[in-house]
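What you see below is based on every heavy atom in this structure, not just the backbone, and it leaves out hydrogens, waters and symmetry mates. Note on naming: letters A, B, ... go to the chains in the order of the sequence lines (proteins, then strands), and numbering restarts at 1 for each one.
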2 protein chains.
Amino acid sequence: MLTPLLRELVAAEKPALARNDLTMWGYVVLCALDRGTVRTQAALAQAVNADKTRIIGTLDELQDRNLIERRPDPEDRRVRLLAITDAGRAVKEAAQAEIQSGEERWLGLLTAEERSVFLRALQRMTHA
Amino acid sequence: MLTPLLRELVAAEKPALARNDLTMWGYVVLCALDRGTVRTQAALAQAVNADKTRIIGTLDELQDRNLIERRPDPEDRRVRLLAITDAGRAVKEAAQAEIQSGEERWLGLLTAEERSVFLRALQRMTHA
DNA sequence: TATTGTTATACTCTATAACTATA
DNA sequence: TATAGTTATAGAGTATAACAATA
């Protein structure tokens, strides 16, 4: 049941991402960096469940658009310190708001009671 | 939240499928055919959300192993009538049982009440 | 010599297009 | 000529391996 539902959700959020000029990976990275600065690209890759080589292009583009900051650590110039910028946070918030409002199409089918149980159950299973 | 959860579920069911010598697509096809005979491969592809060219290899293999039946329709020899065999149903049931028991690792975190609400909510949103 | 990040290569999966056989 | 199925080709996405820079 989860597979078709997730497919629909992803399809539905595509236009919202496009309106904010974000790819799925760009959005995922912004969300991860909004939860806190990360010290290495490898750590970020792990946090978003991606290969370290897979996010490089994404980081290049986000940096070009000043949505993230990415500079060599002065203490170890091999590593890149990563942080979201104010502009990046603004884009992320806008996209997230649109996505969450789109999700109402599904969550709106539930009663307040069901909705709270559903989200709590999902959260518990996700963090298991 | 759904994405990482589904990823884990899929990863967890892989060994169960392997033990029954099934690919993900093979399992999906057997499940679809177990819900009822299908008249054309295109219809089956649509039912499992796949391209019609994508399931041909799967059908070849399932047929070789006598898990499905696939014969030209006498009334229109262009179309292939598709049906699961008894052997196919047995394999599907075995795999499904293992998969569902594996899912207990997650559903077991919920109370009986939560579990029933969760599954009902999921079902309603899936069919929307 | 080991590690971070990058680039280059190969592989898998999927989608598109051309082909065969029936109608 | 149109349709079901098949095969061949091309494209996207991802993973693996080689490389450059720092330590």
Quiz item: For the residue pair R80(B) and P72(B), what are the closest heavy atoms and their distance?
Solution: NH1-CB, 4.0 Å
Self-check item: F118(A): ring-ring contact (aromatic ring centres under 6.0 Å, His included) partners, not counting sequence neighbours
Solution: F118(B)
Quiz item: Going 5' to 3' on DNA chain C, which nucleotide is the first and which the last to come under 4.0 Å of a heavy atom in chain A?
Solution: dA2(C) to dT7(C)
Practice problem: With sequence neighbours excluded, tell me which residues meet salt bridge (Lys or Arg N to Asp or Glu O under 4.0 Å) with R89(A). | Solution: D34(A), D86(A)
Quiz prompt | Nucleotide dA12(D), atom P - distance to CZ of R54(A) in whole Å | solution = 17 Å
Quiz item: With sequence neighbours left out, what residues match N49(B) under side-chain hydrogen bond (donor to acceptor under 3.5 Å, both in side chains)?
Solution: none
Quiz item: Got a sec, which residues hit side-chain hydrogen bond (donor to acceptor under 3.5 Å, both in side chains) with T3(B), two or more places apart in sequence or on another chain?
Solution: none
Quiz item: What residues, two or more places apart in sequence or in another chain, satisfy side-chain hydrogen bond (donor to acceptor under 3.5 Å, both in side chains) together with E13(A)?
Solution: none
Quiz prompt | Listed partners of T53(B) passing side chain to side chain contact (heavy atoms under 4.5 Å, CB included), at least two apart | solution = D51(B)
Practice problem: Sequence neighbours left out, what passes side-chain hydrogen bond (donor to acceptor under 3.5 Å, both in side chains) with N66(B)? Give chain and number order. | Solution: none
Self-check item: Set of side chain to side chain contact (heavy atoms under 4.5 Å, CB included) partners for R39(A), sequence neighbours left out
Solution: D73(A), V79(A), L81(A)
Self-check item: Contact residues, residues 18-41 of chain B to DNA chain C [heavy atom, < 4.0 Å]
Solution: W25(B)
Compile the donor-acceptor pairs under 3.5 Å between side chains in residues 100-109 of chain A and protein atoms, sequence neighbours left out, one pair per line.
unit_1: S101(A); atom_1: OG; unit_2: E98(A); atom_2: O; d: 3.4
unit_1: E104(A); atom_1: OE1; unit_2: R115(A); atom_2: NH1; d: 3.1
unit_1: E104(A); atom_1: OE2; unit_2: R115(A); atom_2: NH2; d: 2.6

Practice problem: Can you sort out which residues in residues 56-81 of chain B have a heavy atom within less than 4.0 Å of DNA chain C? Ascending by number, please. | Solution: D76(B), R77(B), R78(B)
